[in-house]
Colleague: 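The following block contains the structure, expressed as structure tokens.
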Amino acid sequence: MSQPSLSLVDTDPAELAVDAIVIGLHSQPDEGGALLPAAGAESIAAAFDGKLTSTLALLGASGAPGEVTKLATLGTISAPLVVAVGLGDEPSGSAPNLETLRRGTGAAVRSLAGSATVALALPLPDDEDAPSVLRAILEGALLGSYKFAGYKTKPQPNRRDPVSALQVHVPDASDAAAAAEVTRAETVSRAVRLTRDWVNTPPNMLRPPQFADAVVAAAKGTGLEVEVLDFDELKAGGYGGIVAVGQGSEAPPRLVKLTYTPEGVESPKRVALVGKGITFDTGGISIKPSAGMWEMKSDMAGAAAVGATMLAVAALKPRVAVSAYLAMAENMPSGTAYRPGDVITMFNGKRAEVYNTDAEGRMVLADAIARACADGTDYVFETSTLTGGQVISLGKRISGLMGSDDAVERVRRAGDEVGEPAWPMPLPDEVRKGMESDIADISQTNTSLDRAGHMLQGGVFLREFVAEGVEWAHIDIAGPSYHTGEPSGYWTKGGTGVPIRTLLSVIDQLG
Ligand code: BES
Ligand code: MN
Ligand code: ZN
């Protein structure tokens, strides 16, 4: 579904003729629990004659972060509905907490599905923090209104479509910096929504050839350079890992490369993005248990994120050269599938002994990382739904982060700022020691540790394929890339689009 239109307004929010108006509400536990309307809601509070917060409190509002309370305005202001979103305690500095604002805005806009036009009158500081606060509001609103179109054949009687138009109240609607944030948010949101769509698409409808076609179609007209390697070209090119994983499926693997070259920048920094694109992961011959296996349709979330990031890069035009490598395969058990015990020669010539065909991500990524390095790059940022160990150790919100110090610190800082936290994890020597193979250069997993520290084993394996002198980070998004359970904040069900906003911020910082 298309995203809502965005416009800036600077007229009095109390006079906006919209279906609903969203305001912020702070909790003030220290002062007898009285609630405080957030900045931006002044004229609405005034129209309620001092009774706005007490009425919201009667309706159960507490100002807790993310809480949404709706109040009919009965003619006090132009809009028939006020939606108060909890923003927690009033911040001591001038800028509100960005993630609280992002999540709250997302929750409020999502709760307004069924309304056509919604205005946002949320706190915007009048200083140098204004653009980042506005960015958080816009991203929260656009991402929170996402809904996967789905495949129902009959019209749904109670269907409430996402909000179609958003008006965002700012001090000056003709401000160029604010307009630039609108354009940026639309671009970023388009990328996140496309990734969510790809991740949510059923695995029978998005096998590697279709996924590659979809990426190529999306890149058309953007100015990105596109290269697609098919099965024969992958075999001929020495991409042993992608071939091994892909050979078990009737739907052959692909490697898609997208390239962005900045104009008028002399020897720009070079960044390679690498993504795992397993369109379905059965585990292969080392087959997974059937419970919950359907969720492995999201095993291409890394490639989806990296591909969509490139579309945003093409529009935002950073002063950095960026290439993306999307390693696509379907991991199936069959008479042609690769086996535990196989020795596979990767793109950089290193040989790996397979122990578990369910550790297929590192096989396809080894080739893609090695290819990225062979093309020449200063940084590799790779992201993948690599291990269940990430979910066990860090949960569903915080990605696992491994790599060289500079790249890791860049990802950690950016992730923190954009609300996509990633936590640095070690690459211990003893984990590498247990990956010695008797007959090949490395074994695919640590055979003595088995599943102990198994997120780290993934990182240690991938490190082998990063060329000397290249800064690199591996972002394990097994948990954060896919949201199960009810929608929350600006996270809707299914694909989340993590870590697109992190990658864009890292690229920005390098420019
Ligand atoms: N795609 C899975 C990892 C995964 C698990 C992603 C849960 C999202 C949610 C990956 O290919 C896999 O199967 N990893 C194995 C590695 C093991 C065989 C070394 C795992 O996590 O068990
Ligand atoms: Mn697997
Ligand atoms: Zn997998």
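Just so you know, these numbers use all the heavy atoms, side chains as well, and skip hydrogens, waters and symmetry mates. Counting starts at 1 for both ligands and their atoms, in listed order.
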Colleague: For ligand 1, which atoms sit closer than 4.0 Å to a heavy atom of N356?
Modeller: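 Answer, ordered by atom number: 18 (C).
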Colleague: Does N331 come within less than 4.0 angstrom of ligand 1, counting non-hydrogen atoms of the residue?
Modeller: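 It does not; every heavy atom stays at 4.0 Å or beyond.
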Colleague: Measuring from non-hydrogen atoms of Q457 to any atom of ligand 1, is the shortest distance under 4.0 Å?
Modeller: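 Not so, Q457 does not reach ligand 1.
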Colleague: At less than 4.0 angstrom from any non-hydrogen atom of T387, what atoms of ligand 1 do you find?
Modeller: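 Going through ligand 1 atom by atom, the ones under 4.0 Å from T387 are 3 (C), 21 (O).
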Colleague: Of all the heavy atoms in Q444, does at least one lie under 4.0 Å from an atom in ligand 1?
Modeller: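 It does not, in that no heavy atom of Q444 comes within the 4.0 Å cut-off of ligand 1.
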Colleague: Pick, from E295, M300, M296, the option with the minimum heavy-atom distance to atom 7 (C) of ligand 1.
Modeller: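 That would be M296.
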Colleague: Looking only at protein heavy atoms, which one is nearest to atom 21 (O) of ligand 1, and how far off is it?
Modeller: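 That would be G388 N, 2.6 Å.
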Colleague: Look at the aromatic rings of F461 and F465 and report parallel, tilted or perpendicular, splitting at 30° and 60°.
Modeller: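 Geometry flag for F465 against F461: tilted rings.
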Colleague: Would you say ligand 1 has an N or O under 3.5 Å from any N or O of T445?
Modeller: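 No - when backbone and side-chain N and O of T445 are compared with those of ligand 1, no distance drops under 3.5 Å.
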Colleague: Is a side-chain donor or acceptor of D476 paired with a backbone partner of L386 at a separation under 3.5 angstrom?
Modeller: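 Looks like yes, one N/O pair under 3.5 Å.
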Colleague: Can a donor-acceptor pair be found, under 3.5 Å and without considering hydrogens, that links the side chain of E67 to the backbone of G86?
Modeller: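 Absent.
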Colleague: Under 4.0 Å from a heavy atom of E360: which atoms of ligand 1 are those, numbered in the order shown and with their elements?
Modeller: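 Near E360, the atoms of ligand 1 are 11 (O).
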Colleague: Of all N/O/S atoms in D281, which lies nearest to the Mn ion (ligand 2)?
Modeller: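 It is OD2, the N, O or S atom of D281 closest to the Mn ion (ligand 2).
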Colleague: Is there a donor-acceptor pair under 3.5 Å between the side chain of T195 and the backbone N or O of A304?
Modeller: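 Checked: pair present.
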Colleague: The Mn ion (ligand 2) as vertex, arms to OD1 of D358 and OE1 of E360: angle to 10°?
Modeller: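 Rounding to the nearest 10 degrees gives 120°.
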Colleague: Counting backbone and side-chain atoms alike, does D299 have an N/O/S atom under 2.8 Å from the Mn ion (ligand 2)?
Modeller: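 Here the distance criterion (N, O or S atom, under 2.8 Å) is not met by D299, so no.
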Colleague: Under a 3.5 Å distance rule, please check whether T357 uses its side chain to pair with a backbone N or O of G283 as donor and acceptor.
Modeller: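 Indeed, once roles are kept as given, a pair shorter than 3.5 Å links the two residues.
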Colleague: Does G389, backbone or side chain, put an N or O under 3.5 Å from an N or O of ligand 1?
Modeller: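 By distance alone, the answer is no.
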Colleague: To which of H454, K288, M455 does the heavy atom nearest atom 17 (C) of ligand 1 belong?
Modeller: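 Looking at heavy atoms only, the winner is H454.
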Colleague: Give, rounded to 10 degrees, the angle between OD2 (D299) and OE2 (E360) as seen from the Zn ion (ligand 3).
Modeller: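 The two atoms form an angle at the metal of about 100°.
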Colleague: So does R432 pair up with E464, basic N to acidic O under 4.0 Å?
Modeller: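 Yes, this pair counts.
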Colleague: Return yes when at least one N/O/S atom of K276 is nearer than 2.8 Å to the Zn ion (ligand 3), and no when none is.
Modeller: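 Yes, within the cut-off.
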Colleague: Test your reading of the model: is there a side-chain donor-acceptor pair from Q247 to the backbone of T336, 3.5 Å cut-off?
Modeller: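 Here the side-chain-to-backbone pair exists.
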Colleague: Measure from atom 2 (C) of ligand 1 to every heavy atom in V364, N446, D281 and give the option owning the shortest one.
Modeller: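 Shortest heavy-atom distance from atom 2 (C) of ligand 1: D281.
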Colleague: For D281, what is the atom name of its N, O or S atom nearest to the Zn ion (ligand 3)?
Modeller: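 Closest N, O or S atom of D281 to the Zn ion (ligand 3): OD2.
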Colleague: Can you tell me if K276 uses its side chain to pair, donor with acceptor, with the backbone of T385 under 3.5 Å?
Modeller: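 Confirmed, K276 side chain pairs with T385 backbone.
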Colleague: Could you tell me, atom by atom, which parts of ligand 1 come under 4.0 Å of a heavy atom of K276?
Modeller: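 Checking each atom against K276, I get 1 (N), 10 (C), 11 (O).
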Colleague: Mark up the atoms of ligand 1 that fall under 4.0 Å of a heavy atom belonging to A478, in ascending order.
Modeller: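 In order of numbering, the contacting atoms are 6 (C), 8 (C).
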